[in-house]
Amino acid sequence: MVAQELLNADSSITYDAIIIGAGVIGPAVATGLARKGKNVLIIEKDWATPDRIVGELMQPGGVRALRSLGMVQSINNIDAYPVTGYTVMYDGEQVDIPYPYKADLAPVEKLKDIVKEGNDKVLEDSTIHIKDFEDSERERGVAFVHGKFLNNLRDICAKEPNVTRVQGTCVEVLKSKNNEVIGTKVDIDGHGKVDFHGHLTFVCDGIFSRFRRELNPKHVPTVGSSFVGMSLWDAKNPAPMHGHVIVGPNHMPILVYQISPEETRILCAYNSPKLPADIKSWMIKDVQPFIPKSLRPSFDNALSEGKFRSMPNSYLPSRQNDVIGLCVIGDALNMRHPLTGGGMTVGLNDVVVLLQKIGDLDFSDRATVLDELLDLHYDKKNYDSVINVLSVALYSLFAADNKNLKALQKGCFKYFQKGGDCVDVPVKFLSGVLPQPLLLTRVFFATALYAVYLNIEERGFLGLPMALLEGIMILITATKVFAPFLYRELCS
Ligand SMILES: Cc1cc2nc3c(=O)[nH]c(=O)nc-3n(C[C@H](O)[C@H](O)[C@H](O)COP(=O)(O)OP(=O)(O)OC[C@H]3O[C@@H](n4cnc5c(N)ncnc54)[C@H](O)[C@@H]3O)c2cc1C
C-alpha cells in the first residue's frame, strides 16, 4: 500500500524544481534546494527500501560531500561499517593503503543555509563513533547496506518542509513549443497520468536512465563488463575495515568489503556484459581458487546457496547541460567503472558544486540558470575526471588479458609496495580528494615506467634489447588504456 501522502502532490502550481528519481543523488539535490528556500517536488517510482548491490562503499570524498550538504548523518543508525583504507592483494602478496591524513587536505566546505545545527557531523551509534570520524587524523570512508543508506537520505529529504514527495513513474519530460523543458508527466497508481510543471527539472533517474537522452540522443553509456555479487555472512576479512581488491595475472578483479557487522559484499568481475550461462561453474573455476583463505568458508557457503546478483558496468562521460529548464545529474549524466567505488562520490560532489552555482538563483530566470548550468560542466570536470579515468584505467590493468597489461598490473602493485608517496598520492585520487587530472597522468605513467623497469630487471643484461622492445609496447599499452579516457573526460 502506498502512503496517501505520496499520492497527493499539487499539479496546479509551478514548482521551483522537479526532481525525477530518489536514489542517491535526487534526495541530495532536493534537500539542498529546499534548504535554499525552493519549492521542490521529488518523484520516485518506488519509495520502498531498494535491494541493490550498488553504492555500498563510499570513499572519503563522498563522506566530505555529505558533510558539505549537511546530510552526513545519513550514515548513522544503519550499522554502517567504517572504512579506513584499501588492501590490494596480488598473487599471494598484499599491500595496505590507508586513507589520507586530514591535515593534508583543504577543510570541508560548509554550504550556506544548508549546513546547520551540526548536520555536518556524524552522531554516535553502535558502529559509527564520533571519535573515529571527527577526531581521527585520517579521512574515513564508510560501507553500508545500500537500501538502508538510501532510506536515511530519503528521510532527511522528507523532513524538509519545502519538499513534496510523489510515488509514480515519470513517463515523459514535458516541453514547451520552443523545446524548453517545463516539467514531467507522471504515471501515479490510481490517478493515471498527471502533468507537473516546474522551472527546472532535474533528471536523477540513475544507471538505466530513460531521460538522459533529452540532453542528446547520443548520450548513451557503453557497457564492457559486469560484476557478479554475493553476500558473505560472518566473513573473516583479511584486513578488517578495509576495502579489498584481489587481483592477479590469472583472474579477473574481485572486490570484497564489509557492509554491516554481519554482511560482506563480494563483487567478481566478468569481462563481458553478457554473463556466463552457468555462473556457479564459472565461480568455481575462475573465482574460488583466488579467494583468500580466511574468506573461503563464507565464500563457499555463499556459493552453495547460489544467490548470485549481477550488474552491468557502464561508462558514460559527462555532457554539458545545455537544454533550458533541464539538469541531468548523477549516473544519468556520468558513469565510470564501479571498481574504485567512486560513483556516489562523483554524484554528491556534483551536487555540492551545483548548489554553489544555482542555489541562490531565482529559477524562473531560466536564462541565468542555464548560464550557470553550462559553467557547471567545467567547474566539476577536474574532480570527476580523476575518479572516472582512474576507474577505467585501473580496471584495464586489473582485468589484464595480455602480456603488456599484465606487466602494467604487476608494475602497479609493486609501485604501491614501495610505500611513501607511491601510495599516499594514488590513495588521494581513489578517495576523491585530489582533483588534479595532470597529476593523475604523471602518477599513472610513473607506474608504467616502473613496470618497464621491472621487466628490464627480470630480463637481465642479456635480455636488454628484448626488454627495451617490450618496454615500448608496455608504454604504448599504458597510453591506450589511459589517454583516450582522459581526453574524453577533459574535452567532452
Ligand atoms: C555494480 C555497481 C557497484 C557500485 N558500487 C559503488 C560503490 O561501492 N560506491 C559508489 O560510490 N558507487 C558505486 N556504484 C555507483 C553508484 O551506485 C551510483 O553512482 C549511484 O547510485 C548513482 O546515484 P543516482 O541517484 O544517480 O542513481 P540511482 O541511485 O540509481 O537512483 C535512481 C533513482 O531513480 C528512480 N527512477 C528511475 N527511473 C525513474 C522514473 N522514470 N520515474 C521515477 N523514478 C525513477 C529509481 O527508482 C532510483 O531510485 C556502483 C555501481 C555499480 C553498477
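Here the structure is a predicted model, which means the values were calculated and not measured. Counting starts at 1 for both ligands and their atoms, in listed order. One is the number of the first residue; the rest follow in order along the sequence.
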Could you tabulate the donor-acceptor pairs under 3.5 Å formed by side-chain atoms of residues 323-338, not counting sequence neighbours?
{"from": "N334", "atom 1": "OD1", "to": "R336", "atom 2": "NH2", "distance (Å)": "3.3"}
{"from": "N334", "atom 1": "OD1", "to": "N388", "atom 2": "ND2", "distance (Å)": "3.1"}
{"from": "N334", "atom 1": "ND2", "to": "L316", "atom 2": "O", "distance (Å)": "2.8"}
{"from": "R336", "atom 1": "NE", "to": "N388", "atom 2": "OD1", "distance (Å)": "2.8"}
{"from": "R336", "atom 1": "NH1", "to": "N334", "atom 2": "O", "distance (Å)": "3.4"}
{"from": "R336", "atom 1": "NH2", "to": "N334", "atom 2": "O", "distance (Å)": "3.0"}
{"from": "H337", "atom 1": "ND1", "to": "L339", "atom 2": "N", "distance (Å)": "3.0"}
{"from": "H337", "atom 1": "NE2", "to": "S225", "atom 2": "OG", "distance (Å)": "3.1"}
{"from": "H337", "atom 1": "NE2", "to": "N313", "atom 2": "ND2", "distance (Å)": "3.4"}

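- Using the six-membered ring where Trp is involved, F482 and F444 have ring planes that are parallel, under 30° apart on the 30 and 60° scheme.
- At a heavy-atom cutoff of 4.0 Å, ligand 1 is contacted by no atom of W47, backbone or side chain.
- Every atom of ligand 1 with a heavy atom of Y257 under 4.0 Å away is listed here by number and element: 8 (O).
- Both the backbone and the side chain of C170 come within 4.0 Å of ligand 1, counting heavy atoms alone.
- Checked by distance only, ligand 1 and R52 come closer than 3.5 Å through their nitrogen or oxygen atoms.
- Using a 4.0 Å cut-off between heavy atoms, M335 makes no contact with ligand 1 at all.
- At under 3.5 Å, a nitrogen or oxygen of G55, whether backbone or side chain, sits near a nitrogen or oxygen of ligand 1.
- When only modelled atom types and interatomic distance are considered, R212 and H219 share no side-chain donor-acceptor pair under 3.5 Å.
- P98 is not listed as a side-chain neighbour of V427, based on a closest heavy-atom distance of 4.5 Å or more.
- Inspection of the S136 and D132 side chains reveals no N or O donor paired with an N or O acceptor under 3.5 Å.
- With a 6.0 Å radius and a threshold of 12 heavy atoms from other residues, nucleotides or ligands, R213 has its CZ atom at or below the threshold.
- Looking only at protein heavy atoms, the nearest one to atom 19 (O) of ligand 1 is D331 OD1, 2.8 Å.
- Checking only distances, I25 does come within under 3.5 Å of ligand 1, N or O to N or O.
- From the protein, the heavy atom lying nearest to atom 15 (C) of ligand 1 is G343 CA, 4.0 Å.
- Residue contact annotation: M58 has no non-hydrogen atom under 4.0 Å from ligand 1.
- In this structure, the protein non-hydrogen atom closest to atom 38 (N) of ligand 1 is D205 CB, 3.5 Å.
- Neither the backbone nor the side chain of S209 comes within contact range of ligand 1; no heavy atom lies under 4.0 Å.
- Below 3.5 Å of separation, one finds no N or O of H146 facing any N or O of ligand 1.
- Residue contacts with ligand 1: V24 is placed with a nitrogen or oxygen under 3.5 Å of a nitrogen or oxygen of the ligand (distance criterion only).
- Listed by number with element, the atoms of ligand 1 under 4.0 angstrom from any heavy atom of C204 are 32 (C), 33 (C), 34 (O).
- For the pair P50 and ligand 1, no heavy-atom separation below 4.0 Å is found.
- For ligand 1, the atoms sitting less than 4.0 Å from at least one non-hydrogen atom of P338 are 2 (C), 3 (C), 4 (C), 50 (C), 51 (C), 52 (C), numbered in the order shown with element in parentheses.
- Backbone and side-chain nitrogen or oxygen atoms of K45 are examined, and one is located within less than 3.5 angstrom of a nitrogen or oxygen of ligand 1.
- A donor-acceptor contact closer than 3.5 angstrom is absent between the side chains of R140 and T84.
- Residue contacts with ligand 1: G62 is excluded, as none of its non-hydrogen atoms falls under 4.0 Å.
- Atom 27 (O) of ligand 1 has its closest protein heavy atom at G206 CA, 3.2 Å.
- When only modelled atom types and interatomic distance are considered, S318 and K380 share a side-chain donor-acceptor pair under 3.5 Å.
- Between S231 and E263, the side chains place a donor N or O and an acceptor N or O closer than 3.5 Å (distance only, hydrogens not considered).
- G23 N, 3.6 Å is the protein heavy atom nearest to atom 33 (C) of ligand 1.
- The backbone N or O of E109 lies less than 3.5 Å from a partner atom in the side chain of S68, making a donor-acceptor pair.
- One N or O on the side chain of K381 and one on the backbone of E489 form a donor-acceptor pair closer than 3.5 Å.
- The shortest N or O to N or O distance between M344 and ligand 1 is under 3.5 Å.
- Scanning the protein for heavy atoms near atom 1 (C) of ligand 1, the closest one is M311 CB, 3.6 Å.
- The backbone N or O of E44 lies less than 3.5 Å from no partner atom in the side chain of Q167, so there is not a single donor-acceptor pair.
- Below 3.5 Å of separation, one finds an N or O of L57 facing an N or O of ligand 1.
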Output, in order, the C-alpha distance, side-chain angles, deciding distance and verdict of salt bridge (charged side-chain N to carboxylate O under 4.0 Å, His left out) for E134 and R67.
-> CA-CA 11 Å; E134 307 302 338; R67 290 183 190 278; 3.0 Å; yes

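- Here's the thing with E44: one of its N/O atoms is less than 3.5 angstrom from an N/O atom of ligand 1.
- Near T169, the atoms of ligand 1 lying under 4.0 angstrom from a non-hydrogen atom of the residue are 41 (N), 42 (N).
- Closest to atom 53 (C) of ligand 1 among all protein heavy atoms lies P312 O, 3.7 Å.
- Between Y315 and F485, the distance from one ring center to the other falls under 6.0 angstrom.
- Here R154 has side-chain heavy atoms under 4.0 Å from ligand 1, and that is the only part of it that gets that close.
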Identify all side-chain donor-acceptor contacts of residues 191-203 below 3.5 Å with residues at least two apart in sequence or on another chain.
{"from": "H191", "atom 1": "ND1", "to": "D189", "atom 2": "O", "distance (Å)": "3.3"}
{"from": "D195", "atom 1": "OD1", "to": "K185", "atom 2": "NZ", "distance (Å)": "2.9"}

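- With a 4.0 Å cut-off on non-hydrogen atoms, A22 touches ligand 1 through its backbone and not its side chain.
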